[in-house]
There are 2 protein chains.
Amino acid sequence: MKHNTLQSPSRQKPRRENLADRIYEQLKALIFNFQLLPGDYFSETEIAERFAASRTPVREALHRLHREQYVDVHFRSGWQVRPFDFKVFEDLYDLRILLETSAIERLCNLTELPACIAELSAIWCVPDVDRVTDMTLSDMDRSFHSRLVQAAGNEEMARIHRDISERIHIIRRLDFTKDYRIDATYQEHAAILDAIQHRRSDHAKYLLRAHIIVSRDEVRKITLHMLQEARERHM
Amino acid sequence: MKHNTLQSPSRQKPRRENLADRIYEQLKALIFNFQLLPGDYFSETEIAERFAASRTPVREALHRLHREQYVDVHFRSGWQVRPFDFKVFEDLYDLRILLETSAIERLCNLTELPACIAELSAIWCVPDVDRVTDMTLSDMDRSFHSRLVQAAGNEEMARIHRDISERIHIIRRLDFTKDYRIDATYQEHAAILDAIQHRRSDHAKYLLRAHIIVSRDEVRKITLHMLQEARERHM
DNA sequence: TTGCTAAATCTTGTATACAAGACAGGATAC
DNA sequence: GTATCCTGTCTTGTATACAAGATTTAGCAA
């Protein structure tokens with residue numbers, strides 16, 4: 001193979017929108033919205049017809065979703081939305097706790113905190129009346145935790161944290177339908193930020209762990225509830 | 001879209017070998033062996049001709065390598081082996097330390113250790129003469145650390161640990177060319193296993209952290225050395 | 001009704017054709 | 001000499017055709 005037959009492109013192009021990406025996003029949305037249910041079988045042709053595209057970009061999107069554990073491919077027998085696996089979510093939550101407490105540890109060892117922390121405080125450490133809700137609380141919560149990890153400066157940890165947060169998000173959203181969690185979320189985030197700003201590492205980690213475990217337990221209940229409902233539907 | 005137009009395939013098929021997977025592996029090998037150098041540009045057609053295949057499976061392999069951070073795609077301007085980024089490897093090492101110390105912590109809290117730990121001891125806690133070397137030390141080392149994380153029981157952590165270990169492996173292999181590291185590796189692994197078996201969590205974590213940091217520093221030196229050589233070649 | 005066989009249908013995997021744009025190099029204007 | 005524009009070549013992105021096999025279903029026998 002000849003090397004360097006291509007010249008170096010002058011600039012990094014902004015990866016203009018392509019069909020495969022669009023289909024990827026929309027397909028993921030279908031899965032997130034339970035329009036494609038865990039366990040459902042479908043074919044590339046079906047998806048291609050639905051999006052008025054050819055199989056090529058659909059395949060690219062599906063293989064990407066496969067790598068990200070959302071769907072499974074069966075050789076010459078179609079695709080399947082990966083069924084919920086209870087343990088996977090438990091494991092992902094534990095991994096989140098690990099990454100986020102590590103981030104807190106690192107942040108608390110800094111003499112000067114990144115500007116990002118002050119920005120988070122401006123969002124979360126506010127009286128009730130100043131609370132903005134242009135995002136859903138679910139998205140705001142995800143953003144809070146992601147930015148916390150990002151602020152610690154390890155890009156790889158941040159990238160993985162984003163990925164697993166998104167995977168959890170499928171089921172996590174369902175939690176925030178309950179109003180009483182809104183106040184609690186604000187208070188808990190504010191307390192965590194406060195502890196970080198006072199460099200109380202262990203306390204911050206303790207608060208965060210408790211905060212995430214509440215989520216995990218809620219999700220556990222939701223999962224059980226969904227399984228129950230699914231069973232009833234099929235009886 | 002009609003749901004469930006497909007019936008459930010009776011069995012999980014063993015995903016028979018396909019061309020895209022083969023090309024993916026071979027392409028990764030090319031990158032690992034520095035036959036494709038970081039920074040090199042190439043096109044899908046070149047790769048396809050080299051492997052006597054069409055662009056379709058090549059594209060699938062390349063997109064997979066892209067998601068795994070090995071290559072970059074430039075819109076209508078070819079592909080590029082992602083240049084080495086020093087900080088990425090540093091970050092990956094820190095993530096490894098985090099995952100592995102977490103695994104040790106968990107293992108040390110078990111009343112009964114998984115059988116896997118005894119198996120590892122059988123490999124690493126042996127006198128010099130009993131050392132087997134059917135694998136390269138580099139592969140054995142990777143296997144040791146992966147199995148340690150696997151033993152802790154969190155599948156997601158184990159999966160991510162495997163992925164990052166593989167990414168580090170590109171450069172990590174170069175370290176084990178030095179003979180004096182062989183003895184050290186055996187001793188350090190044995191010491192870590194011993195500490196785990198005696199439930200000395202903090203000590204095991206301390207040993208492991210030191211063990212990985214040595215690797216990281218070696219890699220750092222290698223990277224600097226390679227950069228130096230590359231500079232000299234281009235002068 | 002039940003069980004078996006074979007063809008018809010449908011699936012993914014792969015090769016190829018086409019489209020739209022990026023890039024290099026040369027011609028041209030000045 | 002220098003800058004600009006044009007054109008040909010090469011690139012990836014997308015659509016489509018074909019291959020090989022898995023699944024289903026119709027048909028038939030007992």
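Protein chains get the first letters and strands the later ones, always in sequence-line order, with residue 1 at the start of each.
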Requested in this report: For residues Trp79(A) and Tyr41(A), establish whether the separation of their ring centroids is below 6.0 Å.
Outcome: no
Query - Whole angstrom value for the distance that separates P of dG13(D) from CZ of Arg64(A) - result: 12 Å
**Report entry** Distance-only side-chain donor-acceptor flag, Ser215(A) / Arg172(A), under 3.5 Å
**Finding:** yes
Requested in this report: Round to a whole Å and report the spacing from CD of Glu60(B) to P of dG13(D).
Outcome: 14 Å
**Report entry** Spacing between Asp21(A) atom CG and dT12(D) atom C1', to the nearest angstrom
**Finding:** 13 Å
Query - Length of the CD-C1' vector between Glu46(B) and dC10(D), whole Å - result: 11 Å
With 3.5 Å as the limit, what N/O pairs link the protein to nucleotides 15-18 of chain D?
| residue | atom | partner | partner atom | Å |
| --- | --- | --- | --- | --- |
| dA15(D) | OP2 | Ser54(A) | N | 2.8 |
| dA15(D) | OP2 | Ser54(A) | OG | 2.7 |
| dA15(D) | O5' | Ser54(A) | OG | 3.4 |
| dA15(D) | N7 | Thr56(A) | OG1 | 2.7 |
| dT16(D) | O4 | Thr56(A) | OG1 | 3.4 |

Query raised in the report: Phe75(A) CZ to dG13(C) P: how many Å, rounded?
Result: 7 Å
Query - Electrostatic pair Glu166(B)-Lys28(B), nearest N-O below 4.0 angstrom - result: yes
Query raised in the report: Once you round it to whole Å, what is the distance between P of dT11(D) and CZ of Phe42(B)?
Result: 12 Å
Report task. Look at Ser77(B) and dT11(D) and indicate whether a side-chain polar atom (N or O) is within less than 4.0 Å of OP1 or OP2. Result -> no
**Report entry** Arg159(B)/Glu156(B) ion pair, N-O < 4.0 Å
**Finding:** yes
Requested in this report: Kindly write out the residues that satisfy side-chain hydrogen bond (donor to acceptor under 3.5 Å, both in side chains) with Ser121(B), not counting sequence neighbours, or none if the list is empty.
Outcome: Gln197(B)
Query raised in the report: Within the pair Arg59(B) and dG13(D), is there a side-chain N or O less than 4.0 Å away from OP1 or OP2?
Result: yes
Query raised in the report: Atom CZ of Arg76(A) and atom P of dT14(C): how far apart are they, to the nearest Å?
Result: 8 Å
Query raised in the report: On the ring face of Tyr93(B), is Arg216(B) found with NZ or CZ under 6.0 Å from the centre and within 45° of the axis?
Result: no
Requested in this report: Starting at atom OH of Tyr41(A), determine the distance to atom P of dA22(D), rounded to an integer number of angstrom.
Outcome: 16 Å
